[in-house]
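Notes follow the structure.
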There are 2 protein chains.
Amino acid sequence: MTKRVFNFNPGPAALPLEVLEQAQAEMLDFKGTGMSVMEISHRSKEFESVIQTAEADLRELMGIPANYKVMFLQGGAHLQFSMIPMNLRAAGASADYIVTGTWSKTAVKEAKKLGATRVAANTEADGFKGLPASLDLDPKAAYLHFTSNETIHGVEFFKEPVPPAGVPLVCDSSSDFISHPIDVSKYALIYAGAQKNAGPSGVTIVIERDDMIERTPENLPVMLDYKIMATSGSLHNTPPCWSIYMVGLVLQWVKKMGGLTAIEKTNRTKAELIYNAIDNSGGFYRGHALPDARSIMNIPFRLPSEELEDAFVKEAKKNDLIGLKGHRSVGGMRASIYNAMTVEGAQALANFMAEFQKKNG
Amino acid sequence: MTKRVFNFNPGPAALPLEVLEQAQAEMLDFKGTGMSVMEISHRSKEFESVIQTAEADLRELMGIPANYKVMFLQGGAHLQFSMIPMNLRAAGASADYIVTGTWSKTAVKEAKKLGATRVAANTEADGFKGLPASLDLDPKAAYLHFTSNETIHGVEFFKEPVPPAGVPLVCDSSSDFISHPIDVSKYALIYAGAQKNAGPSGVTIVIERDDMIERTPENLPVMLDYKIMATSGSLHNTPPCWSIYMVGLVLQWVKKMGGLTAIEKTNRTKAELIYNAIDNSGGFYRGHALPDARSIMNIPFRLPSEELEDAFVKEAKKNDLIGLKGHRSVGGMRASIYNAMTVEGAQALANFMAEFQKKNG
């Protein structure tokens, strides 16, 4: 029998088993073509159906209004860190950034290379444990950028920050994308590397409002130009076909699971199991994030000593609980419980945490 | 039984059957991890082995000298059209381009957006049918760029153009990459979208000499910076893991087939079968490229009328010969016979061409 583990990797991360099984089943002959989906033209009617169905399913799941374009790009969130200022911040203008962890800090670093960048809030002095108490907003900012979930620090916004009137809101949603419903109409642009909730690595989803697309300056390199990518339906050049196909399968699975409201409910159940294990441990486990900023996707936590942390990772692995070592910048453990993690998996981790504490507490 | 066809698609293109079968077999459990290769961390020892083995196999197959770096990037050849001038052409400097088809023409268009770009030769007035008779070279050019195989026009260089002393040679090898041996030491930079000979779409291979990497200017966006990509082993951010894995499997298959000398021999056999069918047709089939520039990868050809061309595509499809419609800019047919196309497939096409002519000639 094929071995499968409980996969708590932060990304690339667990994919739904039935998605993998479908990809496996149609690997040699995609929909009767006699070819793999990797072997067909990106301009064939079969691939057009793949990318158009993926877009339609995403629009349905997220309730994306008609005046937004959906793009499937390459280069990860990292390339978006540069494309956003290139496309949305006119020469001489300044953009605002809210910094709540490693990823928003990196977004600032990249934006600064290309022009004026203001930090509207920064929680680094407090160890990136919470959400900012207040924002120092520029009413003339080209946009306000925030990171809805910080994968490393486990800090998540459940309510969007409110920009000044007329300032577009831009969101890096890489690690909480399609994990709960949002009101897309509040955003000017949302982007997400797929490799957490939406699929494998190699594709980045960008959702951009039409009036923002009109800001695209003339003469950008084509691969960095939202207007070209949006108007070509992400088919200006050969897209990452396999990754888009996999995203499509994942979106179908999310629909089958009941959509984003149902997915959020399950995600909260899973997160609660692990946060309860932390909160009920009498201080043996210590969560990194403050309670009101706790992510339902990534749960970083520490143990009383690094020796115990090493032992925890090793013991967990023996129990087929994989990918729990935290990021070096925070240390300790991190449980990433994206959409594809089952309640059974979260329960197995919570049980293991209790057992481990009993033995070592 | 799984249906498989003879796949003449220009890219994404045919993959070796045994590569697909291996990917299928280890889809749910990659090397005993209990996870798909899409679900493991790009920093895990398992994925490090994937990317390092792929690089080592490529170095062995191509004879890449030690003073070259190998990168696995995103964005296709299209993004390289911009990254090359950004990284290799200092402010104020000019670069030379040889234009022999749609792809080198597009490379020029992108390079011009970013700085001074000279055309050292252009065969467009002759319909992109041959190689340039002579080159007008700038001895101070930042580099000389050429496209070793034009996918649409079926024109291939089998001998590199010779740049002036000290001018680095840069090559877009997207559609003839690893199809025959080359002397890498003649090149400063070679790049190739994987989706012809080397794997699926979503990854671009860049081979760059160390002294070129030193030209990388300060403060480029990280995803456009060769130095960062090269020194991080393509792991600065999450790479396109699946596409790299597939490239690795294809490279192992190429080794098993005997390496690039053996692959070239087979490729020449396949090309000869189809060129013979053209040459022996008494003018019923007319090849686009001039005989001395004929690609062994892409063979565009016309029939006496568009009606016959339409009938050819339809009849061929009934015979499981797929992907033969030519690019709209050239019209007619195009047979792309990359490494994964078998001699049996090329023979089947040659036979079909003779049959079709007998019925319609």
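Remember, predicted model here, so these are calculated numbers, not experimental data. Convention: sequence-line order gives letters A, B, ...; per-chain numbering from 1.
For A/Q195, the part sitting under 4.5 Å from any heavy atom of chain B is the side chain, from C-beta outward, and nothing else. With a 4.5 Å cut-off on non-hydrogen atoms, B/E21 touches chain A through its backbone and its side chain both. For B/N219, the parts lying near chain A are the backbone and the side chain together; criterion is any non-hydrogen pair under 4.5 Å. Residue A/S243: no heavy atom, backbone or side chain, is found under 4.5 Å from chain B. The contact between A/A23 and chain B is made by backbone and side chain atoms together, counting heavy-atom distances below 4.5 Å. For chain A, no part of B/L73 is nearby; none of its heavy atoms comes within less than 4.5 Å. A/P10 does not touch chain B: none of its heavy atoms, backbone or side chain, sits under 4.5 Å away. Interface residue B/A14: backbone and side-chain heavy atoms are both found under 4.5 Å from chain A. For B/E110, the part lying near chain A is the side chain, with the backbone staying farther off; criterion is any non-hydrogen pair under 4.5 Å. Within the 4.5 angstrom heavy-atom criterion, only backbone atoms of A/T33 (N, CA, C, O) approach chain B. Residue B/A340: no heavy atom, backbone or side chain, is found under 4.5 Å from chain A. Residue A/I244: no heavy atom, backbone or side chain, is found under 4.5 Å from chain B.
When the candidates A/G11, A/G202, A/G193 are compared by the number of heavy-atom contacts under 4.5 Å with chain B, A/G202 comes out ahead. For chain A, the option among B/P221, B/P239, B/S44, B/G323 with the highest count of heavy-atom pairs below 4.5 Å is B/P221. Of all the listed residues (B/S82, B/G76, B/G75), the one sharing the greatest number of non-hydrogen pairs under 4.5 Å with chain A is B/G75. The residue among A/T238, A/L224, A/L17, A/V203 with the most heavy atom pairs within less than 4.5 Å of chain B is A/T238. Each of A/A25, A/S41, A/G32, A/A13 has some count of heavy-atom pairs under 4.5 Å with chain B, and the biggest count is that of A/A13. Note: B/L28 leads B/L28, B/D320, B/N7 in heavy-atom pairs under 4.5 Å with chain A. Highest contact tally toward chain A, considering only B/G199, B/P12, B/P200, B/S36, is held by B/P12 [criterion: heavy-atom pairs under 4.5 Å]. Interface remark: of the candidates B/V5, B/I322, B/V37, B/V5 forms the most heavy-atom pairs closer than 4.5 Å to chain A.
Residue A/W103 places its CH2 atom among 12 or fewer non-hydrogen atoms of other residues, nucleotides or ligands, all under 6.0 Å distant. Environment of CZ in A/R328: sparse, with no more than 12 heavy atoms of neighbouring residues, nucleotides or ligands closer than 6.0 Å.
Nearest heavy-atom pair across B/R4 and A/M35 is NH1-CA, 3.6 Å. For the residue pair A/L20 and B/M27, the shortest heavy atom distance occurs at O-CG, 3.6 Å.
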_side-chain contact (heavy atoms from CB on, under 4.5 Å) for B/Q74 and A/L79? Distances and angles first, verdict last._
CA-CA 10 Å; B/Q74 296 185 61; A/L79 189 57; over 6 Å; no
*When you look at B/V222 and A/K113, which way does the side-chain contact (heavy atoms from CB on, under 4.5 Å) test go after all the steps?*
CA-CA 10 Å; B/V222 288; A/K113 289 179 181 173; 3.6 Å; yes
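Panel note: side chain A/N9, backbone B/E39; a donor-acceptor pair is recorded below 3.5 Å.
Taking the six-membered ring where tryptophan is involved, the planes of A/W242 and B/W242 are essentially parallel, since the angle between them stays under 30° and well short of 60°.
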